[in-house]
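Remember, it's a predicted structure, so these values are computed and weren't measured experimentally.
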Amino acid sequence: MEEITIHQDIIHVISNDLANHYKIVPKEVIENKVTFYVDTNFNSASSQEELELLLGKNVLFATSSTEKIEKALSKYYRKDRGNSTQSLSIDKADFLENLLYEAKSLKSSDIHFEVYEQEARIRFRIDGQLIERYKIEKEVYLELVNKIKIKSKLNITEKRLPQDGRITNNSFDIRVSILPTLFGEKIVLRLLGNDASKIDLETLGLEGDEFKYYLEAVKKPNGIILISGPTGSGKTTTLYATLKLLNDSIRNIVTVEDPIEYTLKGINQVQLKEDIGLTFASALKSFLRQDPDIIMLGEIRDSETAMMAIRASLTGHLVLSTIHTNSAIGTIARLIDMGVPSYLIAETLNVSVAQRLVRKLCVDCKEEIRFIADDFPKSFKIPYTPDKLFKPSGCNKCYHTGYAGRKAIYEVLNIDFKAANHIKNNEMSLILDDKTNFETLPEKAFSMLSKGETSLDEIYSILIND
(Lines give C-alpha, C1' and ligand atoms only; values in the text may rest on other atoms or scores of the structure.)
Protein backbone atom coordinates (compact mmCIF):
# COMPACT_ATOMS: atom_id res chain seq x y z
CA MET A 1 0.00 0.00 0.00
CA GLU A 2 1.50 3.31 -1.07
CA GLU A 3 1.51 5.70 1.89
CA ILE A 4 0.76 9.41 1.95
CA THR A 5 3.89 11.55 1.61
CA ILE A 6 3.71 15.14 2.82
CA HIS A 7 6.22 17.63 1.42
CA GLN A 8 8.28 19.37 4.11
CA ASP A 9 7.17 22.82 2.88
CA ILE A 10 3.49 22.22 3.70
CA ILE A 11 3.63 20.20 6.93
CA HIS A 12 3.20 23.31 9.05
CA VAL A 13 0.09 24.54 7.22
CA ILE A 14 -1.82 22.87 10.06
CA SER A 15 -0.86 22.25 13.69
CA ASN A 16 -0.53 18.84 15.36
CA ASP A 17 -3.66 19.44 17.45
CA LEU A 18 -5.87 20.43 14.49
CA ALA A 19 -4.60 17.60 12.29
CA ASN A 20 -5.39 15.01 14.95
CA HIS A 21 -8.70 16.64 15.93
CA TYR A 22 -10.09 16.62 12.37
CA LYS A 23 -8.14 13.50 11.26
CA ILE A 24 -6.80 15.28 8.17
CA VAL A 25 -3.39 15.76 6.54
CA PRO A 26 -2.40 18.31 3.87
CA LYS A 27 -2.07 17.20 0.25
CA GLU A 28 -1.07 20.45 -1.47
CA VAL A 29 -1.10 24.21 -1.08
CA ILE A 30 -1.64 26.40 -4.13
CA GLU A 31 -1.66 30.14 -3.41
CA ASN A 32 -4.50 30.65 -0.90
CA LYS A 33 -6.01 27.16 -1.29
CA VAL A 34 -5.08 24.13 0.78
CA THR A 35 -6.27 20.60 0.00
CA PHE A 36 -6.48 17.99 2.77
CA TYR A 37 -6.72 14.22 2.62
CA VAL A 38 -9.84 13.00 4.47
CA ASP A 39 -11.45 9.58 4.79
CA THR A 40 -14.88 8.61 3.45
CA ASN A 41 -16.57 9.24 6.84
CA PHE A 42 -15.35 12.83 7.11
CA ASN A 43 -18.10 15.43 7.61
CA SER A 44 -16.82 17.99 5.13
CA ALA A 45 -19.91 20.23 5.24
CA SER A 46 -19.60 21.11 8.94
CA SER A 47 -15.78 21.16 9.09
CA GLN A 48 -14.91 23.16 5.99
CA GLU A 49 -16.09 26.51 7.34
CA GLU A 50 -14.35 25.93 10.70
CA LEU A 51 -11.05 25.10 9.05
CA GLU A 52 -11.23 28.09 6.70
CA LEU A 53 -11.75 30.39 9.69
CA LEU A 54 -8.92 28.76 11.68
CA LEU A 55 -6.41 28.67 8.82
CA GLY A 56 -7.39 31.79 6.91
CA LYS A 57 -7.33 29.83 3.63
CA ASN A 58 -9.83 28.26 1.24
CA VAL A 59 -10.09 24.56 2.11
CA LEU A 60 -10.67 21.64 -0.28
CA PHE A 61 -10.78 17.90 0.38
CA ALA A 62 -9.48 14.75 -1.32
CA THR A 63 -10.51 11.26 -0.24
CA SER A 64 -8.06 8.66 1.02
CA SER A 65 -8.28 5.53 3.18
CA THR A 66 -8.54 5.74 6.97
CA GLU A 67 -5.44 3.54 7.33
CA LYS A 68 -3.30 5.81 5.16
CA ILE A 69 -4.44 8.95 6.99
CA GLU A 70 -3.79 7.42 10.42
CA LYS A 71 -0.33 6.36 9.33
CA ALA A 72 0.43 9.86 8.01
CA LEU A 73 -0.84 11.40 11.26
CA SER A 74 1.43 9.08 13.23
CA LYS A 75 4.43 9.98 11.10
CA TYR A 76 3.96 13.74 10.64
CA TYR A 77 1.54 14.87 13.37
CA ARG A 78 2.00 12.39 16.20
CA LYS A 79 0.11 13.22 19.37
CA ASP A 80 3.09 12.64 21.67
CA ARG A 81 4.95 15.51 19.95
CA GLY A 82 3.39 17.76 22.54
CA ASN A 83 5.95 16.43 25.01
CA SER A 84 8.71 18.19 23.08
CA THR A 85 6.80 21.24 21.87
CA GLN A 86 5.75 22.54 25.25
CA SER A 87 5.68 26.26 26.02
CA LEU A 88 8.99 27.03 27.71
CA SER A 89 9.75 29.51 30.44
CA ILE A 90 12.90 31.54 29.93
CA ASP A 91 13.02 32.26 33.66
CA LYS A 92 15.07 29.08 34.00
CA ALA A 93 18.58 30.50 33.86
CA ASP A 94 20.00 27.16 32.78
CA PHE A 95 17.58 26.55 29.88
CA LEU A 96 20.01 27.63 27.15
CA GLU A 97 22.82 25.63 28.76
CA ASN A 98 20.60 22.55 29.02
CA LEU A 99 19.53 23.01 25.41
CA LEU A 100 23.16 23.00 24.27
CA TYR A 101 23.97 19.85 26.21
CA GLU A 102 20.80 18.17 24.94
CA ALA A 103 21.85 18.95 21.36
CA LYS A 104 25.34 17.63 22.08
CA SER A 105 24.03 14.40 23.62
CA LEU A 106 21.81 13.83 20.58
CA LYS A 107 24.85 14.37 18.31
CA SER A 108 23.24 17.41 16.73
CA SER A 109 25.45 19.52 14.46
CA ASP A 110 23.24 22.65 14.47
CA ILE A 111 20.45 24.25 16.49
CA HIS A 112 17.95 26.39 14.57
CA PHE A 113 15.92 29.11 16.35
CA GLU A 114 13.13 30.34 14.06
CA VAL A 115 10.35 32.85 14.62
CA TYR A 116 7.08 33.22 12.72
CA GLU A 117 3.98 35.38 13.00
CA GLN A 118 2.39 33.65 16.01
CA GLU A 119 5.07 31.47 17.57
CA ALA A 120 8.67 30.31 17.37
CA ARG A 121 10.34 26.91 17.30
CA ILE A 122 13.68 25.23 17.98
CA ARG A 123 14.98 22.47 15.71
CA PHE A 124 18.04 20.22 15.96
CA ARG A 125 19.90 18.92 12.93
CA ILE A 126 20.49 15.23 13.64
CA ASP A 127 22.09 12.96 11.02
CA GLY A 128 21.68 15.78 8.49
CA GLN A 129 17.91 16.08 9.12
CA LEU A 130 16.15 18.91 10.96
CA ILE A 131 14.02 17.62 13.86
CA GLU A 132 11.60 19.90 15.69
CA ARG A 133 12.24 19.78 19.46
CA TYR A 134 10.41 22.77 20.99
CA LYS A 135 7.78 25.38 20.27
CA ILE A 136 7.93 28.58 22.28
CA GLU A 137 5.95 31.80 22.54
CA LYS A 138 7.26 34.86 20.72
CA GLU A 139 7.85 36.80 23.94
CA VAL A 140 9.94 33.96 25.30
CA TYR A 141 11.80 33.71 22.00
CA LEU A 142 12.81 37.39 22.08
CA GLU A 143 14.33 36.94 25.54
CA LEU A 144 16.17 33.85 24.34
CA VAL A 145 17.61 35.81 21.39
CA ASN A 146 18.95 38.43 23.79
CA LYS A 147 20.53 35.75 25.99
CA ILE A 148 22.34 34.28 22.97
CA LYS A 149 23.51 37.74 21.84
CA ILE A 150 24.91 38.51 25.28
CA LYS A 151 26.71 35.16 25.51
CA SER A 152 28.22 35.61 22.05
CA LYS A 153 29.15 39.27 22.71
CA LEU A 154 26.99 40.63 19.88
CA ASN A 155 25.13 43.95 19.65
CA ILE A 156 21.85 43.38 21.49
CA THR A 157 20.22 46.46 19.93
CA GLU A 158 21.08 45.59 16.30
CA LYS A 159 18.08 43.85 14.73
CA ARG A 160 18.35 44.95 11.08
CA LEU A 161 21.70 43.47 10.00
CA PRO A 162 23.12 39.94 10.13
CA GLN A 163 25.61 39.25 12.91
CA ASP A 164 28.16 36.49 13.51
CA GLY A 165 29.67 35.55 16.84
CA ARG A 166 30.97 32.72 18.98
CA ILE A 167 30.11 31.14 22.32
CA THR A 168 32.88 29.34 24.17
CA ASN A 169 31.65 26.43 26.26
CA ASN A 170 33.66 24.22 28.60
CA SER A 171 33.45 21.17 26.31
CA PHE A 172 32.72 22.66 22.87
CA ASP A 173 32.59 25.91 20.93
CA ILE A 174 29.52 27.30 19.20
CA ARG A 175 29.47 29.45 16.06
CA VAL A 176 26.54 31.89 16.13
CA SER A 177 24.83 33.26 13.02
CA ILE A 178 21.94 35.74 13.31
CA LEU A 179 19.80 36.69 10.30
CA PRO A 180 16.95 39.25 10.26
CA THR A 181 13.74 37.73 8.81
CA LEU A 182 10.17 38.93 8.25
CA PHE A 183 8.98 38.22 11.82
CA GLY A 184 12.23 38.59 13.76
CA GLU A 185 15.75 37.25 13.96
CA LYS A 186 16.59 33.66 13.02
CA ILE A 187 19.58 32.13 14.83
CA VAL A 188 21.64 29.10 13.89
CA LEU A 189 24.14 27.70 16.37
CA ARG A 190 26.81 25.43 14.87
CA LEU A 191 28.36 23.14 17.47
CA LEU A 192 32.13 23.04 16.95
CA GLY A 193 35.34 22.15 18.70
CA ASN A 194 34.78 18.42 18.98
CA ASP A 195 37.86 16.62 20.25
CA ALA A 196 39.46 14.98 17.22
CA SER A 197 41.34 12.54 19.46
CA LYS A 198 38.21 10.37 19.44
CA ILE A 199 38.19 10.03 15.64
CA ASP A 200 39.90 7.02 14.10
CA LEU A 201 40.56 6.57 10.40
CA GLU A 202 39.92 2.83 10.71
CA THR A 203 36.31 3.37 11.81
CA LEU A 204 35.20 5.96 9.24
CA GLY A 205 34.24 3.56 6.44
CA LEU A 206 37.36 3.12 4.28
CA GLU A 207 37.62 -0.58 3.45
CA GLY A 208 39.93 -3.11 1.77
CA ASP A 209 42.13 -1.85 -1.05
CA GLU A 210 40.83 1.71 -0.80
CA PHE A 211 42.02 1.91 2.82
CA LYS A 212 45.42 0.50 1.82
CA TYR A 213 45.77 2.98 -1.07
CA TYR A 214 44.80 5.89 1.17
CA LEU A 215 47.29 4.90 3.88
CA GLU A 216 50.09 4.62 1.30
CA ALA A 217 49.23 8.07 -0.06
CA VAL A 218 49.18 9.86 3.31
CA LYS A 219 52.41 8.23 4.48
CA LYS A 220 54.38 9.68 1.56
CA PRO A 221 56.68 12.55 2.65
CA ASN A 222 55.21 14.99 0.14
CA GLY A 223 52.35 15.40 -2.33
CA ILE A 224 48.70 16.40 -2.19
CA ILE A 225 45.74 14.56 -0.62
CA LEU A 226 42.36 15.91 -1.81
CA ILE A 227 38.97 15.04 -0.34
CA SER A 228 35.90 16.08 -2.35
CA GLY A 229 32.19 16.18 -1.64
CA PRO A 230 29.34 18.60 -0.90
CA THR A 231 28.97 20.57 2.32
CA GLY A 232 28.19 18.26 5.23
CA SER A 233 29.64 15.11 3.67
CA GLY A 234 32.25 14.56 6.40
CA LYS A 235 35.34 15.80 4.55
CA THR A 236 36.79 17.62 7.56
CA THR A 237 36.28 14.58 9.77
CA THR A 238 38.27 12.44 7.34
CA LEU A 239 41.06 15.03 7.21
CA TYR A 240 41.32 15.22 10.99
CA ALA A 241 41.31 11.45 11.34
CA THR A 242 44.25 11.52 8.91
CA LEU A 243 46.03 14.25 10.88
CA LYS A 244 45.56 12.26 14.08
CA LEU A 245 47.27 9.30 12.41
CA LEU A 246 50.18 11.47 11.25
CA ASN A 247 50.49 13.56 14.41
CA ASP A 248 53.64 12.86 16.42
CA SER A 249 56.45 14.75 18.12
CA ILE A 250 58.78 14.73 15.09
CA ARG A 251 56.37 16.49 12.68
CA ASN A 252 55.33 20.13 12.48
CA ILE A 253 51.65 20.21 11.41
CA VAL A 254 49.84 23.47 10.65
CA THR A 255 46.25 24.06 9.50
CA VAL A 256 44.14 26.98 8.32
CA GLU A 257 40.37 26.46 8.57
CA ASP A 258 37.04 28.23 8.30
CA PRO A 259 35.88 27.49 10.93
CA ILE A 260 38.06 25.36 13.21
CA GLU A 261 35.71 22.43 13.76
CA TYR A 262 38.00 20.10 15.73
CA THR A 263 40.86 20.52 18.16
CA LEU A 264 43.81 18.17 18.26
CA LYS A 265 46.71 18.46 20.68
CA GLY A 266 50.05 18.99 18.98
CA ILE A 267 48.66 20.68 15.85
CA ASN A 268 48.97 24.42 15.17
CA GLN A 269 45.54 25.64 14.01
CA VAL A 270 44.78 29.00 12.38
CA GLN A 271 41.31 30.50 11.93
CA LEU A 272 40.66 32.05 8.50
CA LYS A 273 39.94 35.81 8.65
CA GLU A 274 39.33 37.09 5.13
CA ASP A 275 38.18 40.52 6.34
CA ILE A 276 41.75 41.31 7.45
CA GLY A 277 43.44 39.53 4.53
CA LEU A 278 44.10 36.17 6.18
CA THR A 279 43.01 33.92 3.32
CA PHE A 280 43.94 30.32 2.52
CA ALA A 281 46.57 31.54 0.04
CA SER A 282 48.13 34.15 2.35
CA ALA A 283 48.17 31.72 5.28
CA LEU A 284 49.89 29.12 3.10
CA LYS A 285 52.63 31.63 2.22
CA SER A 286 53.24 32.23 5.94
CA PHE A 287 53.15 28.50 6.70
CA LEU A 288 56.04 27.85 4.32
CA ARG A 289 58.22 30.11 6.50
CA GLN A 290 57.25 28.07 9.60
CA ASP A 291 59.23 24.96 8.59
CA PRO A 292 56.15 22.70 8.29
CA ASP A 293 56.09 19.00 7.45
CA ILE A 294 52.33 18.71 6.91
CA ILE A 295 49.92 21.47 5.90
CA MET A 296 46.13 21.21 6.02
CA LEU A 297 44.05 23.77 4.10
CA GLY A 298 40.34 23.84 4.87
CA GLU A 299 39.47 24.20 1.19
CA ILE A 300 41.01 24.91 -2.22
CA ARG A 301 38.64 27.56 -3.60
CA ASP A 302 40.61 29.37 -6.28
CA SER A 303 43.55 29.21 -8.69
CA GLU A 304 45.94 31.04 -6.37
CA THR A 305 45.39 28.61 -3.51
CA ALA A 306 45.61 25.62 -5.87
CA MET A 307 48.96 26.74 -7.30
CA MET A 308 50.33 27.51 -3.82
CA ALA A 309 49.37 24.00 -2.69
CA ILE A 310 51.11 22.52 -5.75
CA ARG A 311 54.28 24.50 -5.05
CA ALA A 312 54.24 23.48 -1.38
CA SER A 313 54.00 19.80 -2.30
CA LEU A 314 56.81 20.15 -4.87
CA THR A 315 59.11 21.56 -2.17
CA GLY A 316 58.79 18.56 0.11
CA HIS A 317 55.55 19.16 2.05
CA LEU A 318 52.50 16.95 2.45
CA VAL A 319 49.37 19.02 1.75
CA LEU A 320 45.87 17.92 2.73
CA SER A 321 42.78 19.81 1.60
CA THR A 322 39.18 19.62 0.39
CA ILE A 323 37.64 20.61 -2.93
CA HIS A 324 34.05 20.80 -4.18
CA THR A 325 33.53 18.18 -6.89
CA ASN A 326 31.12 15.27 -7.33
CA SER A 327 33.66 12.50 -7.84
CA ALA A 328 37.30 11.52 -7.37
CA ILE A 329 38.01 11.82 -11.11
CA GLY A 330 36.19 15.18 -11.14
CA THR A 331 38.83 16.61 -8.79
CA ILE A 332 41.43 16.38 -11.56
CA ALA A 333 39.16 18.21 -14.01
CA ARG A 334 38.48 20.88 -11.36
CA LEU A 335 42.19 21.53 -10.84
CA ILE A 336 42.69 21.85 -14.60
CA ASP A 337 39.77 24.32 -14.71
CA MET A 338 41.61 26.33 -12.03
CA GLY A 339 44.58 26.63 -14.35
CA VAL A 340 46.86 23.98 -12.85
CA PRO A 341 48.92 22.32 -15.62
CA SER A 342 48.15 18.63 -15.98
CA TYR A 343 51.82 17.62 -15.66
CA LEU A 344 51.98 19.31 -12.21
CA ILE A 345 48.83 17.47 -11.10
CA ALA A 346 50.39 14.19 -12.22
CA GLU A 347 53.58 14.92 -10.26
CA THR A 348 51.94 16.03 -7.00
CA LEU A 349 48.53 14.38 -6.53
CA ASN A 350 48.89 11.29 -4.32
CA VAL A 351 45.24 10.35 -4.04
CA SER A 352 41.81 11.80 -4.84
CA VAL A 353 38.93 10.82 -2.57
CA ALA A 354 35.22 11.54 -2.94
CA GLN A 355 32.85 10.85 -0.08
CA ARG A 356 29.23 11.10 1.05
CA LEU A 357 27.36 10.55 4.29
CA VAL A 358 24.38 8.23 3.84
CA ARG A 359 21.64 7.97 6.45
CA LYS A 360 21.04 4.45 7.75
CA LEU A 361 17.54 3.06 8.14
CA CYS A 362 16.24 2.66 11.68
CA VAL A 363 16.46 -1.08 12.41
CA ASP A 364 13.40 -0.89 14.68
CA CYS A 365 10.91 0.34 12.10
CA LYS A 366 12.20 -0.14 8.54
CA GLU A 367 9.69 -1.80 6.21
CA GLU A 368 10.41 -4.31 3.46
CA ILE A 369 9.29 -3.38 -0.07
CA ARG A 370 9.58 -5.05 -3.45
CA PHE A 371 12.23 -4.19 -6.02
CA ILE A 372 10.97 -2.03 -8.92
CA ALA A 373 13.57 -1.26 -11.58
CA ASP A 374 11.63 1.74 -12.90
CA ASP A 375 12.06 3.50 -9.54
CA PHE A 376 15.78 3.91 -10.20
CA PRO A 377 17.28 6.82 -12.19
CA LYS A 378 17.42 6.15 -15.93
CA SER A 379 21.15 6.94 -16.01
CA PHE A 380 22.02 4.29 -13.39
CA LYS A 381 22.81 0.79 -14.64
CA ILE A 382 21.50 -1.62 -11.99
CA PRO A 383 24.34 -4.14 -11.46
CA TYR A 384 22.11 -6.89 -10.00
CA THR A 385 18.66 -7.41 -8.48
CA PRO A 386 18.72 -7.28 -4.66
CA ASP A 387 16.84 -9.96 -2.72
CA LYS A 388 14.86 -7.32 -0.85
CA LEU A 389 14.72 -3.56 -0.32
CA PHE A 390 13.57 -1.50 2.65
CA LYS A 391 12.04 1.92 3.15
CA PRO A 392 11.80 4.23 6.21
CA SER A 393 8.72 4.08 8.41
CA GLY A 394 9.26 6.07 11.60
CA CYS A 395 9.09 5.39 15.34
CA ASN A 396 9.88 7.12 18.63
CA LYS A 397 13.48 5.89 18.59
CA CYS A 398 14.29 7.67 15.32
CA TYR A 399 12.12 10.78 15.91
CA HIS A 400 9.72 9.42 13.27
CA THR A 401 12.24 10.05 10.49
CA GLY A 402 12.84 6.37 9.69
CA TYR A 403 16.61 6.84 9.93
CA ALA A 404 19.16 6.46 12.72
CA GLY A 405 22.83 7.30 12.23
CA ARG A 406 24.92 7.79 9.09
CA LYS A 407 27.63 5.88 7.27
CA ALA A 408 30.42 7.35 5.17
CA ILE A 409 31.01 5.89 1.72
CA TYR A 410 34.22 6.58 -0.20
CA GLU A 411 35.55 6.59 -3.74
CA VAL A 412 39.37 6.35 -3.62
CA LEU A 413 41.40 7.07 -6.76
CA ASN A 414 45.07 6.35 -6.13
CA ILE A 415 47.38 8.08 -8.58
CA ASP A 416 49.83 5.37 -9.61
CA PHE A 417 52.31 5.45 -12.53
CA LYS A 418 49.68 4.64 -15.17
CA ALA A 419 47.17 7.18 -13.84
CA ALA A 420 49.86 9.87 -13.69
CA ASN A 421 50.76 9.24 -17.34
CA HIS A 422 47.10 9.50 -18.38
CA ILE A 423 46.83 12.82 -16.51
CA LYS A 424 49.98 14.17 -18.21
CA ASN A 425 48.58 13.24 -21.61
CA ASN A 426 45.09 14.60 -20.78
CA GLU A 427 43.60 11.11 -21.18
CA MET A 428 41.08 11.41 -18.33
CA SER A 429 38.70 8.84 -19.83
CA LEU A 430 41.42 6.17 -19.65
CA ILE A 431 42.27 6.58 -15.96
CA LEU A 432 39.42 4.42 -14.63
CA ASP A 433 39.90 1.79 -17.37
CA ASP A 434 43.07 0.62 -15.61
CA LYS A 435 41.43 0.47 -12.15
CA THR A 436 40.15 -3.11 -11.82
CA ASN A 437 39.00 -2.82 -8.18
CA PHE A 438 37.78 0.79 -8.31
CA GLU A 439 34.28 1.27 -6.86
CA THR A 440 32.31 4.44 -7.55
CA LEU A 441 30.09 6.22 -5.06
CA PRO A 442 26.91 5.03 -6.86
CA GLU A 443 28.16 1.44 -6.62
CA LYS A 444 28.90 1.87 -2.91
CA ALA A 445 25.48 3.42 -2.35
CA PHE A 446 23.74 0.59 -4.22
CA SER A 447 25.62 -1.92 -2.06
CA MET A 448 24.25 -0.26 1.08
CA LEU A 449 20.76 -0.38 -0.44
CA SER A 450 20.99 -4.08 -1.32
CA LYS A 451 22.15 -4.90 2.23
CA GLY A 452 19.07 -3.20 3.69
CA GLU A 453 21.13 -0.45 5.33
CA THR A 454 19.50 2.50 3.58
CA SER A 455 16.63 3.42 1.25
CA LEU A 456 16.42 4.30 -2.43
CA ASP A 457 15.18 7.82 -1.61
CA GLU A 458 18.29 8.44 0.49
CA ILE A 459 20.76 7.44 -2.24
CA TYR A 460 18.79 8.59 -5.31
CA SER A 461 20.83 11.77 -5.76
CA ILE A 462 24.06 9.73 -5.61
CA LEU A 463 22.83 7.29 -8.25
CA ILE A 464 21.94 10.15 -10.61
CA ASN A 465 25.62 11.13 -10.68
CA ASP A 466 26.69 7.69 -11.96
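How far CD1 of Ile300 is from OG1 of Thr331: 9.5 Å, rounded to the nearest 0.5 Å. Distance OH/Tyr77 to CD1/Ile11: 6.0 Å, rounded to 0.5 Å. Rounding to the nearest 0.5 Å gives a distance of 8.5 Å between CE of Met308 and OG1 of Thr305. Rounded to the nearest 0.5 Å, atoms CD1 (Ile431) and CD1 (Ile415) are 6.0 Å apart. Distance OG1/Thr348 to CG/Leu314: 6.0 Å, rounded to 0.5 Å. Summarising the geometry, atom CG belonging to Asn421 is positioned 8.5 Å from atom CD belonging to Glu427; distances are rounded to the nearest 0.5 Å.
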Item to check | side-chain contact (heavy atoms from CB on, under 4.5 Å) between Lys424 and Ser342, worked out | outcome: CA-CA 5 Å; Lys424 282 181 184 178; Ser342 56; 5.5 Å; no
Checklist entry - Could you go step by step and tell me if Glu67 and Ser65 meet the side-chain hydrogen bond (donor to acceptor under 3.5 Å, both in side chains) rule? => result CA-CA 5 Å; Glu67 185 180 356; Ser65 69; 5.5 Å; no
Next on the checklist: The test is side-chain contact (heavy atoms from CB on, under 4.5 Å); show your working for Phe211 and Val412 and say whether it passes.
Outcome noted: CA-CA 8 Å; Phe211 184 53; Val412 179; over 6 Å; no
Checklist entry - Can you check side-chain contact (heavy atoms from CB on, under 4.5 Å) on Ile69 and Lys71, steps first, answer last? => result CA-CA 5 Å; Ile69 291 172; Lys71 193 166 185 178; over 6 Å; no
Item to check | Test side-chain hydrogen bond (donor to acceptor under 3.5 Å, both in side chains) applied to Ser447 and Ser450, step by step | outcome: CA-CA 5 Å; Ser447 177; Ser450 64; 4.6 Å; no
Checklist entry - So Tyr37 and Thr63, side-chain hydrogen bond (donor to acceptor under 3.5 Å, both in side chains) or not? Walk me through it. => result CA-CA 6 Å; Tyr37 283 114; Thr63 305; over 6 Å; no
Checklist entry - Is there a salt bridge (Lys or Arg N to Asp or Glu O under 4.0 Å) between Glu210 and Lys444 once you walk through the steps? => result CA-CA 12 Å; Glu210 63 186 16; Lys444 290 287 188 67; 2.6 Å; yes
Checklist entry - Run the side-chain contact (heavy atoms from CB on, under 4.5 Å) check on Met428 and Ile336 step by step: do they pass? => result CA-CA 11 Å; Met428 303 306 164; Ile336 292 173; 3.3 Å; yes
Checklist entry - Going through the distances and angles, do Arg356 and Tyr410 end up as a side-chain hydrogen bond (donor to acceptor under 3.5 Å, both in side chains)? => result CA-CA 7 Å; Arg356 298 290 188 277; Tyr410 293 87; over 6 Å; no
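With hydrogens and angles ignored, the 3.5 Å screen pairs a side-chain donor or acceptor of Ser108 with a backbone N or O of Arg125. Side chain of Ser352 to main chain of Ala328: a donor-acceptor pair is present (N/O by atom type, distance under 3.5 Å, no hydrogens or angles). Between the side chain of His324 and the backbone N or O of Pro230, no donor-acceptor pair lies under 3.5 Å. Distance alone, capped at 3.5 Å, places no donor-acceptor pair between the Glu368 side chain and the Lys388 backbone. A donor-acceptor pair under 3.5 Å is absent between the side-chain atoms of Asp200 and the main chain of Thr203, judged by distance alone. At distances below 3.5 Å, not a single donor-acceptor pair connects side-chain atoms of Lys391 with backbone N or O atoms of Asp457. For the pair Glu347 (side chain) and Leu344 (backbone), a donor-acceptor distance under 3.5 Å is absent. The backbone N or O of Leu264 lies less than 3.5 Å from no partner atom in the side chain of Tyr240, so there is not a single donor-acceptor pair. For Asn247 (side chain) and Lys265 (main-chain N/O), a donor-acceptor pair under 3.5 Å exists by modelled atom type. A donor-acceptor pair under 3.5 Å is formed between the side chain of Asp127 and the backbone N or O of Gly405.
Across all their heavy atoms, Ile199 and Tyr262 have their closest contact at CD1-CE2, 3.4 Å. Heavy atoms only, all atoms of each residue included: Tyr384 and Phe446 are closest at O-CZ, 3.2 Å. Of all heavy-atom pairs spanning Ile14 and Ala19, the tightest one is CD1-N, 3.8 Å. Closest heavy-atom contact between Ile111 and Ala103: CD1-CB, 3.6 Å. The two residues Lys235 and Ile323 have their closest heavy-atom pair at CD-O, 4.5 Å. Taking each heavy atom of Gln271 and Ile260 in turn, the nearest pair found is OE1-N, 3.3 Å.
Residue pairs meeting the salt bridge (charged side-chain N to carboxylate O under 4.0 Å, His left out) criterion with at least one partner in residues 402-412, sequence neighbours excluded, are Lys407-Glu453. Legend: side-chain hydrogen bond (donor to acceptor under 3.5 Å, both in side chains) pairs involving residues 219-230, not counting sequence neighbours, sorted by first then second residue: Ser228-Thr325.
Aromatic pair Phe371/Phe376: ring centres closer than 6.0 Å.
Under 3.5 Å, the side chains of Thr279 and Glu274 contain no donor-acceptor pair of N or O atoms.
Side-chain contact between Ile459 and Met448 is absent, with no heavy-atom pair separated by less than 4.5 Å. A 4.5 Å side-chain heavy-atom check between Leu226 and Val353 finds every atom pair outside the cut-off. Between Thr322 and Leu239 the shortest side-chain heavy-atom distance falls below 4.5 Å. Looking at heavy atoms from C-beta onward, Phe36 lies out of side-chain contact with Leu60 at the 4.5 angstrom threshold. When side chains are defined from C-beta on, Leu215 does not count as touching Lys212, because their heavy atoms never get closer than 4.5 Å. Side-chain contact check for Leu73 versus Lys23: some heavy-atom pair is nearer than 4.5 Å. Side chains of Leu413 and Ile332 form a contact here, defined as non-hydrogen atoms less than 4.5 Å apart.
Other residues, nucleotides and ligands place no more than 12 heavy atoms under 6.0 Å from the CG atom of Asp387. Residue Tyr343 places its OH atom among 12 or fewer non-hydrogen atoms of other residues, nucleotides or ligands, all under 6.0 Å distant.
The pair Arg334-Glu299 fails the salt-bridge criterion, with no side-chain N (NZ, NE, NH1 or NH2) lying under 4.0 Å from an Asp/Glu carboxylate O. Contact check on Lys57 versus Glu31 returns no salt bridge, with no Lys/Arg side-chain nitrogen under 4.0 Å from an Asp/Glu carboxylate oxygen. Salt bridge absent: Arg123 and Glu132 never bring a charged side-chain N and a carboxylate O closer than 4.0 Å.
Under the 6.0 Å distance and 45° angle rule, Lys366 counts as a cation-pi partner of Phe390.
Residue Arg190 is tested with Asp110, Asp173, Asp258 for a salt bridge (Lys or Arg N to Asp or Glu O under 4.0 Å); the sole match is Asp110. For the side-chain contact (heavy atoms from CB on, under 4.5 Å) criterion with Pro392, the lone passing option out of Ser455, Cys365, Cys362 is Ser455. Checked options Asn414, Thr242, Thr238; the residue passing with Tyr214 is Thr242 (criterion: side chain to side chain donor-acceptor pair (under 3.5 Å)).
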